[in-house]
Amino acid sequence: METLVFLFSFFALGILYTMNTIPEFQEPYVILEIGVAVLVIVFLFYFLITRGNPPKDALFFVFAEFSFTCVIDLTSALEHDGIISGFMGFYEKTGEPYLGTPYAIMMCYWDGIAHFIMYLMMISRITDRKAYRTLGLFWAGSLCANMSVFITGIVAGNYGSEIRPAFWLNFLFLLMPICAAITLFRRPKDRPLIGGYNAQHAQSMKLIWRPLDLILVLLLFAAMTFTILRGLVALDSPLEACSIYLKHYEPYLKDPVGYPRVMMLHLFFYGLPLLGAFVYGLLKPGCTWMSDWTVFFAGAIIQCQWAHIGGSLHPRTTAPFRIPNDAFWSVLAANLLYTVTPILVAFRVQSNPYFFLKIAPFPGQTGLPNSEEKDTKYKDK
């Protein structure tokens, strides 16, 4: 099935080429109507071909539908970078002009490549009736962060006065991953939540005897500091440290396009509490929620940082907002370390989960209050 989805998605190129060559299809409201019609037709196509053997997971249709749009996003990025032509010229003029900004171009590359691969992998696992919950949470975090920054940046940036009808299609790509994330969070975990002797042994060790966790805690504190600094810069803080950082390190944070500032505020108000929660989870044994939220946040941070770093380095970013040459490597290293830290935390939780499990009671222990234990013993007799 994933092969069929992969091949069918490239029919998007034919639709784009047709619209780019027929002027009547390039009117703003016509673009919106065609976009809605295409989404409906793609859904009906997959619904009809799976009627004989319908997928057990309704998210199959979401992944198949979004795979189609991944090709559109990749085409948009390639055309804006001058690698191809003849497909998306009309869309920048009368569809979504902000797709030509450096941040949006990098965002489209991520969607057209990384998300496309994730969709095909999840479709394959659904078809084979295998679990994909962890990968699904990573994707949900990535796309939620993607679209929340993208939509807010359009409205808050200098493209807020150039919103066209096609803009409203973006809300579908924000609402669906939110609904999918809620669904995935509610599903049973791929692994058990209760551990035995190994979990008890891991949870009896203090942080000083867990050097990897100690390093991760220090990295999380550094990430929190970096988040606060850039968040205050986005909030126009008069602190001298913020002024120095903005002027000499990341002037891209004040790019009038709006995306960098919105992303920093997202990380400040939503990412910062999560980073603090992960520190708590590495200190307090038995935090079963760590396995889900670290994966979700890792997906969000890698998408945001990919678009942010790529946008700040993109040739379309004007000179005043690029990273200064004398600070280039230090800024790049700080951003890469900031990206890697949540990923390392997620990998640590997934690879060795004993510290984050509930401990199973020993034989003879029921975990019940004394009165309940007596009642249970009496009933057993």
Side-chain angles (χ1 to χ4, degrees), residues 1-12 35-74 107-108 110-151 168-193 288-289 291-304 346 350:
M1 182 58 71
E2 65 274 14
T3 304
L4 174 63
V5 171
F6 175 80
L7 295 175
F8 183 74
S9 297
F10 284 92
F11 277 98
V36 173
V38 167
L39 292 174
V40 171
I41 291 171
V42 171
F43 171 78
L44 290 176
F45 171 77
Y46 288 115
F47 178 77
L48 292 174
I49 65 171
T50 58
R51 286 186 66 186
N53 185 22
K56 298 298 182 181
D57 194 331
L59 288 177
F60 165 86
F61 297 104
V62 176
F63 303 148
E65 185 93 55
F66 283 11
S67 296
F68 194 88
T69 61
C70 284
V71 175
I72 297 175
D73 281 347
L74 182 58
M107 182 198 74
C108 287
W110 183 263
D111 190 55
I113 299 174
H115 285 162
F116 196 20
I117 293 172
M118 292 182 210
Y119 292 139
L120 296 178
M121 292 175 64
M122 290 187 288
I123 288 171
S124 174
R125 297 193 72 82
I126 290 173
T127 304
D128 295 338
R129 302 179 186 275
K130 296 180 180 179
Y132 67 93
R133 187 174 181 274
T134 300
L135 178 59
L137 287 173
F138 185 87
W139 159 78
S142 176
L143 191 55
C144 285
N146 181 336
M147 296 310 301
S148 60
V149 173
F150 182 59
I151 292 174
W168 302 104
L169 288 173
N170 291 302
F171 284 91
L172 172 66
F173 299 92
L174 174 61
L175 294 175
M176 290 309 300
I178 292 175
C179 294
I182 293 172
T183 300
L184 292 169
F185 272 117
R186 289 178 173 176
R187 289 183 182 178
K189 294 180 183 289
D190 296 338
R191 295 178 178 179
L193 294 177
T288 57
W289 50 265
S291 61
D292 288 346
W293 282 102
T294 52
V295 170
F296 183 84
F297 187 68
I301 201 69
I302 193 173
Q303 192 285 324
C304 286
Q350 295 296 320

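Positions are given from 1, in the same order as the sequence printed here.
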How many angstroms lie between atom CZ of F43 and atom CD of E65, to the nearest 0.5 angstrom? 8.0 Å
Among D73, V71, L74, I72, which one satisfies side-chain contact (heavy atoms from CB on, under 4.5 Å) with D111? D73
Just wondering, do Y132 and M121 contact through their side chains at under 4.5 Å, heavy atoms? no
Interatomic spacing from NZ in K56 to CD1 in I126 - rounded to 0.5 Å: 13.0 Å
Students often mix this up, so state it plainly: with edges at 30° and 60°, are the rings of F171 and W168 parallel, tilted or perpendicular? parallel
To the nearest 0.5 Å, how far apart are CG in L184 and OG1 in T134? 9.5 Å
Taking the side chain as everything from C-beta on, heavy atoms only, tell me whether H115 gets closer than 4.5 Å to F66. no
Out of V36, V42, V40, which one pairs with V38 under the side-chain contact (heavy atoms from CB on, under 4.5 Å) rule? V42
From CA spacing to verdict: side chain to side chain contact (heavy atoms under 4.5 Å, CB included), T69, L39: CA-CA 9 Å; T69 61; L39 292 174; 4.1 Å; yes
Under 3.5 Å: donor-acceptor pair, side chain of R133, backbone of F185: yes
Quick check: closest heavy atoms across I302 and G299, and the distance to 0.1 Å? CG2-O, 3.3 Å
How about F150 and F173: are their ring centres within less than 6.0 Å of each other? no
Is there side-chain contact between F116 and S9, with heavy atoms separated by less than 4.5 Å? yes
Within the side chain of S142, is there an N or O that forms a donor-acceptor pair under 3.5 Å with the backbone of F138? no
Side-chain (Q303) to main-chain (L143) donor-acceptor, under 3.5 angstrom: no
Just so I know, are the side chains of L120 and I117 near enough to count as touching, which here means a heavy-atom distance under 4.5 Å? no
Less than 4.5 Å apart, any side-chain heavy atom of P54 and any of F60? no
How long is the gap from CZ on F296 to CG on D292, to the nearest 0.5 Å? 10.5 Å
For V5 and Y46 the tightest heavy-atom approach is CA-OH, 3.5 Å
Kindly compute the distance separating OG1 (T294) from CD1 (I301), expressed to the nearest 0.5 Å. 13.5 Å
salt_bridge(R187, D57) N-O dist < 4.0 Å: yes
Counting distance only, does the side-chain N/O of R125 pair as donor-acceptor with the main-chain N or O of A131 below 3.5 Å? yes
Please determine whether the number of non-hydrogen atoms from other residues, nucleotides or ligands lying under 6.0 Å from atom CZ of F61 exceeds 12. yes
Can you tell me how far CD1 of I123 sits from CG of D128, rounded to the nearest 0.5 angstrom? 12.0 Å
Test your reading of the model: is there a side-chain donor-acceptor pair from S148 to the backbone of C144, 3.5 Å cut-off? yes
Minimum heavy-atom separation for P177 and A140, please, with both atom names. O-CB, 4.1 Å
Looking at every non-hydrogen atom in both residues, tell me the closest pair between Q350 and V295 and how far apart they are. NE2-CG2, 3.5 Å
What's the shortest heavy-atom distance between F6 and F10, and which atoms? O-CD1, 3.0 Å
Are F8 and F68 near enough that their ring centres are under 6.0 Å apart? yes
